[in-house]
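Just so it is clear: chains get the letters A, B, ... in the order the sequence lines come, proteins before strands, and each one is counted from 1.
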Amino acid sequence: MNRVFCLVDCDCFYVSAERLFDPTLIGVPVVALSNSDGCVVSRCPIAKSKDPRTGELGIKMGAPFFEIKHFMKSHGLRVVSSNYALYQEVSNRVMRVLETFAPRIEVYSIDESWLDFSGVQGDLEKLGREIQAAVKKQVGIGVGVGFGPTKTLAKAANFSAKKWRAQTGGVVVLMDEIRRDKLLAWMPVDEIWGIGRQLSKRLEAMGVKKAIDLQRYDRKSLRKLFNVNVEKTSMELEGVSCYALSEGAEPKQTIASTRSFGERITELQGLREAVTTYASRACVKLRSEGQLSSCLQVFIQTSRFDEKPYSRTAICALVTPSNDTREFVAAALEGLSKIFVPGYRYAKAGIILSQFVSGEGYQPDLFAPERRRNSETLMKVMDGINARYGRGSIRIATEPPIAQWAMKRDYLSDSFVTDWHQLKRVKMT
DNA sequence: TCTGGGGTCCTAGGACCC
DNA sequence: TCTGGGGTCCTAGGACCC
């Protein structure tokens with residue numbers, strides 16, 4: 001059967017989502033910032049590639065906010081802090097539309113999905129335009145669509161659809177070899193899905209500069225020099241499918257809650273508060289996944305750019321798998337006490353949970369210490385109260401109600417779709 | 001002054017076993 | 001002087017992705 005993968009991804013997703021609810025953001029340069037308003041993670045086209053004739057600003061992906069802040073005054077740049085609750089809801093709406101087109105779909109990230117059209121007869125380009133139109137009409141978001149016989153080629157198709165937006169209308173079908181190789185002969189190796197900064201540097205040094213060079217390179221050597229994934233990528237560029245569509249989310253293997261602080265922390269007390277907060281959040285995620293964990297890592301670090309850097313991780317094993325916030329907070333605080341050294345300006349801390357077993361039907365070890373009584377009931381009550389009255393309504397006492405070190409979100413939009421009190425109002429006149 | 005967060009997978013190398 | 005070999009498992013670290 002003819003395999004056909006289709007990649008649909010949203011145009012500058014965070015910015016587009018914000019524009020849905022704030023029309024004043026339309027037609028002006030806009031970027032969305034990462035957590036803590038640290039750096040740029042989404043840019044509209046006017047903010048993106050540099051072109052003085054059209055007034056484009058040339059803001060790079062990942063640019064630190066403080067370096068581009070001056071554009072707000074000089075060029076009317078608008079910025080928004082990340083509002084993940086909003087983006088997740090808009091994402092769900094997009095995915096629901098996509099599901100109506102394909103029998104099998106893999107939600108790949110918050111703003112992209114793989115669709116499987118293997119065996120489908122007919123005009124793929126027309127299909128792509130129908131998908132575009134449907135998402136635009138039903139959700140209000142623009143998307144790019146790429147078709148190919150492998151995931152890597154569908155990605156490449158999607159890339160060229162965006163690169164030559166005006167000519168392609170945002171839809172590219174890359175099913176025949178001549179068209180495929182023409183694009184790959186042009187495409188720089190670092191634009192290939194799966195080839196990042198380090199790999200492309202090494203490849204270029206070997207003379208592998210374009211995607212076509214990687215496609216034609218000796219596969220055995222690729223595996224030897226790099227790893228099996230580079231070999232697979234090379235095969236995928238030739239139309240041999242190595243990465244399948246995976247439906248239904250696999251259970252997570254790790255759960256993390258990590259944040260940079262709004263301001264540096266120097267005292268142990270502040271770190272205890274932060275670590276308690278993150279451990280609590282990680283446990284909420286853990287319970288919502290129906291899992292138990294038996295390993296917690298806690299880390300604290302200064303800024304990467306600090307002249308006096310420090311970074312340590314403590315690993316704490318639990319005797320018995322658990323999802324009880326109290327146990328993880330206790331373990332995290334104990335770990336913290338082992339790695340905390342005074343005299344540093346801490347910028348970030350985090351918790352990572354791992355080594356999961358399914359909570360369903362879990363049989364504790366015969367010799368394991370008895371779990372805390374009523375643990376399950378208590379956690380259920382905690383989650384219930386917090387779901388109903390808001391996060392932190394009930395919490396471990398080391399977690400402060402309002403944290404002094406909380407992350408900066410100076411340009412946060414309202415919770416238009418997740419809070420009754422912040423719904424948009426429409427005035428009829 | 002100010003530089004994100006949350007994931008996955010692969011590999012090298014050490015520990016350990018027979 | 002001479003001091004095995006091969007397999008498995010685990011983990012830290014590095015690479016990638018969005």
Side-chain angles (χ1 to χ4, degrees), chain A residues 7-10 12-14 31-43 59-70 72 79-84 87-88 91 106-114 151-152 155 158-159 189-203 222-233 242-243 246 249-264 278 281-282 285-286 289 295 297 299 301-307 309 311-313 315 317 345 347-356 407-411:
Chain A
L7 181 73
V8 180
D9 83 327
C10 300
C12 51
F13 181 58
Y14 295 174
V31 298
L33 301 175
S34 65
N35 275 327
S36 309
D37 294 343
C39 54
V40 173
V41 291
S42 178
R43 308 155 294 163
I59 296 173
K60 292 220 163 57
M61 192 67 172
F65 175 44
F66 70 88
E67 283 181 10
I68 56 136
K69 200 170 183 176
H70 64 276
M72 296 177 76
V79 304
V80 290
S81 302
S82 284
N83 185 344
Y84 287 101
Y87 308 151
Q88 190 57 62
S91 172
E106 173 187 345
V107 177
Y108 180 57
S109 74
I110 198 162
D111 75 329
E112 33 185 326
S113 265
W114 302 100
K151 279 188 167 179
T152 306
K155 263 276 183 189
N158 186 288
F159 164 78
V189 77
D190 65 345
E191 297 285 0
I192 303 169
W193 184 51
I195 305 298
R197 273 244 294 284
Q198 303 302 320
L199 287 175
S200 58
K201 216 194 291 173
R202 287 175 58 196
L203 284 164
L222 288 179
R223 185 174 197 144
K224 240 187 179 158
L225 290 166
F226 300 94
N227 58 48
V228 61
N229 285 331
V230 178
E231 182 192 16
K232 283 184 182 173
T233 296
C242 301
Y243 299 111
S246 66
E250 303 287 314
K252 284 194 172 70
Q253 296 174 36
T254 57
I255 288 175
S257 179
T258 71
R259 288 281 180 288
S260 297
F261 310 129
E263 53 187 64
R264 301 283 189 262
Y278 303 157
R281 284 186 202 169
K285 288 190 211 171
L286 183 67
E289 295 264 320
C295 181
Q297 293 176 63
F299 71 81
Q301 52 189 233
T302 55
S303 162
R304 293 181 284 159
F305 306 96
D306 203 306
E307 283 185 6
S311 172
R312 287 287 183 284
T313 303
I315 300 176
R345 299 176 67 238
K348 182 177 178 178
I351 296 288
I352 301 167
L353 306 181
S354 60
Q355 294 183 9
F356 297 155
M407 66 181 186
K408 269 195 338 213
R409 296 215 278 179
D410 290 344
Y411 308 93

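Distances shorter than 4.0 Å separate some side-chain N or O of A:Lys348 from OP1 or OP2 on B:dG5. At the phosphate of B:dC2, neither OP1 nor OP2 sits under 4.0 Å from any side-chain N or O atom of A:Ser303. A sub-4.0 Å separation between OP1 or OP2 of B:dG6 and a side-chain N or O of A:Thr258 is present. One finds a side-chain N or O of A:Arg345 lying less than 4.0 angstrom from the OP1 or OP2 phosphate oxygen of B:dC2. Between A:Lys155 and the phosphate of C:dC18, there is a side-chain N or O to OP1/OP2 separation shorter than 4.0 Å. Under 4.0 angstrom from either OP1 or OP2 of B:dG4 there lies at least one side-chain N or O belonging to A:Arg304.
Within 4.0 Å of A:Arg264, counting heavy atoms only, lie sugar-phosphate atoms of the nucleic acid but no base atom. Within the 4.0 angstrom heavy-atom criterion, no nucleotide atom of any strand lies near A:Leu33. Counting any heavy atom pair closer than 4.0 Å across all strands shown, A:Ser257 reaches sugar-phosphate atoms only and no base atom. As judged by a 4.0 angstrom heavy-atom cut-off over every strand, A:Asp9 is placed among residues making no nucleic acid contact. Residue A:Ile195 is in sugar-phosphate contact alone, with no base atom involved, counting any heavy-atom pair closer than 4.0 Å across all strands shown. As judged by a 4.0 angstrom heavy-atom cut-off over every strand, A:Ile352 is placed among residues making no nucleic acid contact. Contact annotation for A:Glu67: no contact, since no heavy-atom pair falls under 4.0 Å across all strands. Residue contacts for A:Arg202: at a heavy-atom cut-off of 4.0 Å it reaches no nucleic acid atom on any strand shown. Residue A:Ile315 is classed as a sugar-phosphate contact, given heavy-atom separations below 4.0 Å to backbone atoms only. Looking at heavy-atom distances under 4.0 Å, A:Lys252 makes contact with sugar-phosphate atoms alone, never a base. Within the 4.0 angstrom heavy-atom criterion, only backbone atoms of the sugar-phosphate kind lie near A:Ile192; the bases stay farther away.
Here B:dT8 is the nucleotide among B:dT8, C:dC16, B:dG4 with the atom lying nearest to any side-chain atom of A:Gln253. Nearest nucleotide to the side chain of A:Ser36, out of C:dC18, B:dG4, C:dC16: B:dG4. Here the side chain of A:Asn229 is nearest to one of B:dC9, B:dT8, C:dC17, namely B:dC9. Closest approach to the A:Thr254 side chain among C:dC16, B:dG5, B:dG7 is made by B:dG7 (side chain taken as heavy atoms from C-beta onward). For A:Ser109, counting side-chain heavy atoms from C-beta on, the closest listed nucleotide (C:dC18, C:dA15, B:dT3) is C:dC18. For A:Phe66, counting side-chain heavy atoms from C-beta on, the closest listed nucleotide (B:dC10, B:dG4, B:dC2) is B:dC2. In the set C:dC18, B:dG5, B:dG4, the nucleotide with an atom closest to the side chain of A:Arg259 is B:dG5. Taking every side-chain heavy atom of A:Ala256 into account, B:dG7 is the closest of B:dG7, C:dC18, C:dC16. Each of C:dC18, B:dG4, B:dT3 was ranked by its minimum atom distance to the side chain of A:Trp193; first place goes to C:dC18.
Between the CZ atom of A:Phe299 and the P atom of C:dG13 there is a distance of 14 Å, rounded to whole Å. One interatomic measurement links the two molecules: CG of A:Leu353 to P of B:dT8, which rounds to 12 Å at whole-angstrom precision. In this entry the distance linking CG of A:Asn227 with C1' of B:dC9 reads 9 Å, nearest Å. Straight-line distance from the OH atom of A:Tyr243 to the P atom of B:dC9: 11 Å, rounded to whole Å. Atom C1' of nucleotide B:dG6 and atom CE of A:Met407 are separated by 13 Å, given to the nearest angstrom. Between A:Glu191 atom CD and C:dC16 atom C1' the separation is 15 Å, expressed in whole Å. A straight line from CG of A:Leu286 to P of B:dG6 spans 15 Å, rounded to a whole angstrom. For the pair A:Gln301 CD and B:dG5 C1', the interatomic distance rounds to 12 Å; values are reported in whole Å.
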For this session: Start with the C-alpha gap between A:Cys295 and A:Phe356, add the side-chain angles, then the distance that decides, and say whether side chain to side chain contact (heavy atoms under 4.5 Å, CB included) holds.
Result: CA-CA 8 Å; A:Cys295 181; A:Phe356 297 155; over 6 Å; no
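Within the 4.5 Å cutoff, the side chain of A:Lys232 has heavy atoms near those of the A:Tyr243 side chain. In this structure, A:Thr233 and A:Ile192 have side chains that are in contact, with non-hydrogen atoms separated by less than 4.5 Å.
With a cut-off of 3.5 Å on both Watson-Crick or G-U wobble distances, the partner of B:dC18 is given as C:dG5.
Taking the P atoms as reference points, B:dT3 lies 25 Å from C:dC18, given to the whole Å.
Both A:Pro251 and A:Gly38 lie near DNA chain B, and the one whose nearest nucleotide falls closer to the 5' end is A:Gly38. Map A:Val228 and A:Asn35 each onto its nearest nucleotide of DNA chain B; the residue landing nearer the 5' end is A:Asn35.
For A:Phe299 and A:Tyr278, the ring centers are positioned 6.0 Å apart or more.
By the 30° and 60° cut-offs, the orientation of the rings of A:Tyr87 relative to A:Tyr14 is parallel.
Neither side chain, A:Ser82 nor A:Asn35, offers a donor N or O lying under 3.5 Å from an acceptor on the other.
Using a 5.5 Å limit on the distance between ring centres and a 30° limit on the angle between planes, the aromatic ring of A:Phe65 does not count as stacked on the six-membered base ring of B:dC2.
Geometrically, A:Lys151 engages A:Trp114 in a cation-pi contact, judged by NZ or CZ lying under 6.0 Å from the ring centre and within 45° of the ring axis.
Atom NZ of A:Lys60 has 12 or fewer neighbouring heavy atoms from other residues, nucleotides or ligands inside a 6.0 Å radius.
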